[in-house]
Amino acid sequence: MTENALIEAARVSKAWPFQEAQKLLKRYPNGKPGDAPMLFETGYGPSGLPHIGTFQEVLRTTLVRRAYEALTGGAPTRLVAFSDDMDGLRKVPDNIPNGEVLAANLGKPLSRIPDPFGTHESFAHHNNAMLRDFLDRFGFDYEFVSASDRYNSGEFDAALTRVLECNQAILDVMLPTLREERRKTYSPVLPVSPTSGVVLQVPVEVIDSATGLIRFTDEDGTVVEQSVFGGKAKLQWKVDWAMRWYALGVDYEMCGKDLTDSVTQSGKIVQILGGRKPEGLIYELFLDENGEKISKSKGNGLTIEQWLTYGTEESLGFYLFREPKSAKQLHVGVIPKAVDEYWQFRGNLAGQALDKQLGNPVWHLLRANGEDAGAGDTVPVTFSLLLNLVGVLGAEATAEQVWSYLGNYVADATPEAHPELGEMVRAALATNRDFIAPTLKRRAPTANEAEALKVLDAELEKAGSEATAEALQNVVYEIGKNETYQFETLRDWFKALYETLLGSSQGPRMGSFIALYGVPETRKLIAEALSAAG
């Protein structure tokens with residue numbers, strides 16, 4: 001594949017990262033002036049710990065970044081992970097220790113509140129460190145930027161001056177969007193009280209934009225004149241977002257559907273400042289298994305730790321890649337399919353034409369951090385088949401047991417030889433222990449099912465332990481087609497096998513399962529089922 005062939009294919013690709021990257025080509029048809037890098041940004045509010053939403057935004061932005069690089073033959077790019085740690089703490093998070101430390105500092109900038117964990121300079125410093133560790137864990141290429149550093153150091157002073165110069169024009173944009181009561185106290189600038197250190201929501205008069213001087217009434221009624229420079233103020237959220245775009249020169253930033261209005265207002269404000277609204281994607285939000293919006297306060301979502309317990313990192317990326325403009329249910333039940341579909345798409349990749357490769361999620365995921373190794377790799381056993389195996393083995397199944405059965409199906413069956421399969425075994429055992437084993441219940445076969453099971457047992461005895469999965473599948477198939485056993489459809493026969501042998505209404509290709517579990521072991525399951533029939 002030549003670079004020109006990739007560029008030509010990328011320019012007509014319908015894959016959403018390329019569609020997003022096309023926006024940047026239109027933004028700067030000849031590249032950014034002076035060969036400056038295209039700047040991508042993701043935002044993070046460090047009032048809580050990083051979560052799956054943080055991961056998906058950085059991942060999806062990275063996918064667009066890599067698509068743009070492919071589209072342009074390697075034009076320079078940067079990704080900034082921005083922490084809004086000058087924001088005032090509004091409430092105490094439920095999952096933080098020593099909540100009284102935070103409760104005593106409500107309203108203060110996150111970077112000026114003691115760390116309740118006792119390990120860092122401030123609450124924000126702790127959460128920022130967690131964010132960097134989190135992003136580093138997944139190998140993201142990014143630059144970390146802290147709001148408090150920029151405000152305190154004066155690097156935002158020029159942009160703050162511009163905000164003060166445009167104060168009335170910004171008010172003209174924002175005030176019509178606010179309730180009447182809120183309009184009375186709204187100001188684009190939020191001064192930090194010189195007495196309490198709290199970020200104040202009070203009317204502000206601009207005295208001198210060049211020196212950053214403003215006038216406001218403090219909490220105790222004192223009229224104060226102070227500069228907005230040196231971390232003595234921050235901006236309202238929508239104004240702050242626009243100022244950041246202006247100051248940093250952000251070209252691309254995506255966000256969730258809940259920020260649609262913010263994008264509109266911030267886009268107007270950045271134009272007032274003399275900047276340009278970045279390109280971006282507004283993605284849909286996650287839903288729980290009941291189709292309700294996920295809420296951190298309700299705890300009805302799925303954490304990234306939970307996904308990585310019951311699935312794999314690759315499957316998480318795969319699930320988040322697809323259809324970002326459609327709402328996604330996020331619960332344990334979606335993980336097995338995501339694991340198997342990831343490997344299905346990965347196995348197909350090497351044999352696909354270039355245009356099909358660019359539409360394959362795995363093409364993008366493998367390049368998320370500048371790598372393209374692994375195309376065309378497969379795993380010898382599906383995750384769904386592993387789940388059926390461990391389901392039969394029971395809640396106390398061990399990895400050693402699973403690998404011993406995998407020896408029936410896989411050459412050199414060890415986690416060292418098959419590390420990806422090792423991750424799947426780990427996840428399957430956890431899923432079985434916590435969700436599958438407690439629900440499995442085998443039923444006794446009906447009379448006609450029992451007759452069919454007797455024939456299957458006899459056929460398996462003849463086939464022996466060396467029979468292939470395909471040969472075993474044919475044996476099962478032929479029995480189900482035999483009208484003697486009165487199955488209306490083959491599906492009824494397979495459902496009977498799942499319910500009587502595995503304790504589930506759904507299951508794998510039985511030939512593959514028998515080859516994995518072993519012919520003698522499967523015959524024992526049949527014997528148990530026939531015994532239950534009486």
Inset, instruction - Answer yes or no: is there a side-chain heavy-atom contact under 4.5 Å between Ile335 and Trp307? - result: yes
Inset, instruction - Show your working on salt bridge (charged side-chain N to carboxylate O under 4.0 Å, His left out) between Lys26 and Glu279 and close with a plain yes or no. - result: CA-CA 10 Å; Lys26 293 176 182 176; Glu279 310 302 325; over 6 Å; no
Legend entry - Asn348 versus Asn360, side-chain donor and acceptor atoms under 3.5 Å: no
Inset, instruction - Taking all heavy atoms of Val390 and all of Leu387, pick out the closest pair and write down the distance. - result: CG2-O, 3.4 Å
Legend entry - Value rounded to 0.5 Å, distance of CZ in Arg66 from CG in Leu365: 13.0 Å
Inset, instruction - List the atom of Trp403, the atom of His418, and the distance in Å for their closest heavy-atom pair. - result: CH2-O, 4.0 Å
Inset, instruction - Start with the C-alpha distance between Arg509 and Glu470, add both sets of side-chain angles, then the distance that settles salt bridge (charged side-chain N to carboxylate O under 4.0 Å, His left out), and finish with yes or no. - result: CA-CA 10 Å; Arg509 279 175 58 90; Glu470 197 59 39; 3.3 Å; yes
Inset, instruction - Kindly indicate, with the supporting measurements, whether the criterion salt bridge (charged side-chain N to carboxylate O under 4.0 Å, His left out) is fulfilled by Glu69 and Arg65. - result: CA-CA 6 Å; Glu69 292 167 349; Arg65 178 188 184 188; 3.7 Å; yes
Inset, instruction - Using modelled atom types only, decide if a donor and an acceptor are shared between the side chain of Tyr142 and the backbone of Arg132 within a distance under 3.5 Å. - result: yes
Legend entry - Heavy-atom pair of closest approach, residues Thr62 and Ala368: CG2-O, 2.8 Å
Legend entry - Any donor-acceptor N/O pair, Arg433 side chain to Pro438 backbone, under 3.5 Å: no
Inset, instruction - Kindly say whether the aromatic ring centers of Phe140 and Phe55 come within a distance under 6.0 Å. - result: yes
Legend entry - Smallest separation among heavy atoms of Gln473 and Met510, with atom names: OE1-N, 3.3 Å
Legend entry - Phe435-Tyr310 aromatic ring centre distance below 6.0 Å: yes
Inset, instruction - Please confirm whether the backbone N or O of Phe321 pairs with a side-chain atom of Trp16, one donor and one acceptor, at under 3.5 Å? - result: yes
Inset, instruction - Answer whether the closest heavy-atom distance between the side chains of Leu502 and Leu497 falls below 4.5 Å. - result: no
Legend entry - Under 3.5 Å: donor-acceptor pair, side chain of Arg442, backbone of Leu501: yes
Legend entry - Backbone N/O of Phe117 and side chain of Asn98: donor-acceptor pair under 3.5 Å: no
Legend entry - Short side-chain donor-acceptor distance under 3.5 Å, Glu57 and Tyr283: yes
Inset, instruction - May I ask you to decide if the ring planes of Phe40 and Tyr252 are parallel, tilted or perpendicular, using 30° and 60° as cut-offs? - result: tilted
Inset, instruction - Quick one: pull up OG1 in Thr309 and CG in Asp434 and give me the separation to the nearest 0.5 Å. - result: 8.5 Å
Legend entry - salt bridge (charged side-chain N to carboxylate O under 4.0 Å, His left out) assessment of Arg60 paired with Glu20: CA-CA 10 Å; Arg60 286 173 172 168; Glu20 290 300 297; over 6 Å; no
Inset, instruction - Check for a donor-acceptor pair, side chain of Lys328 on one end and backbone N or O of Tyr319 on the other, with a separation under 3.5 Å. - result: yes
Legend entry - Nearest-0.5 Å distance, CG of residue Leu285 to CG of residue Leu259: 8.5 Å
Legend entry - Ring centre gap for His120 and His126 strictly below 6.0 Å: yes
Inset, instruction - Give a yes or no answer on whether the side chain of Asp340 reaches the backbone of Ser384 with a donor-acceptor pair at less than 3.5 Å. - result: yes
Legend entry - Contact summary for Leu358 and Ala10, nearest pair of heavy atoms: CD1-N, 3.5 Å
Inset, instruction - Could you tell me whether a side-chain N or O of Glu313 sits under 3.5 Å from a main-chain N or O of Leu308, the two making a donor and an acceptor? - result: no
Legend entry - Euclidean distance, His331 NE2 relative to Gln306 CD, rounded to 0.5 Å: 12.5 Å
Inset, instruction - Working to the nearest 0.5 Å, report the span between CG of Asp355 and NZ of Lys14. - result: 12.0 Å
Inset, instruction - Using only heavy-atom distances, determine whether the side chains of Trp241 and Glu253 contain a donor-acceptor pair under 3.5 Å. - result: yes
Legend entry - Min side-chain heavy-atom separation Leu320-Phe286 under 4.5 Å: yes
Inset, instruction - Check Thr61 against Glu41 and note the closest heavy-atom contact, atom names and distance. - result: CG2-O, 4.3 Å
Legend entry - Separation between CG of Leu472 and CD of Glu459, rounded to the nearest 0.5 Å: 10.5 Å
Legend entry - Ring center gap for Trp493 and Tyr477 short of 6.0 angstrom: no
Inset, instruction - Take the angle between the ring planes of Phe318 and Tyr342 and call it parallel below 30°, perpendicular above 60°, tilted in between. - result: perpendicular
Legend entry - Side-chain (Glu499) to main-chain (Ser505) donor-acceptor, under 3.5 angstrom: no
Inset, instruction - State whether the side chain of Ser531 and the backbone N or O of Ala527 hold a donor-acceptor pair below 3.5 Å, judged by distance alone. - result: no
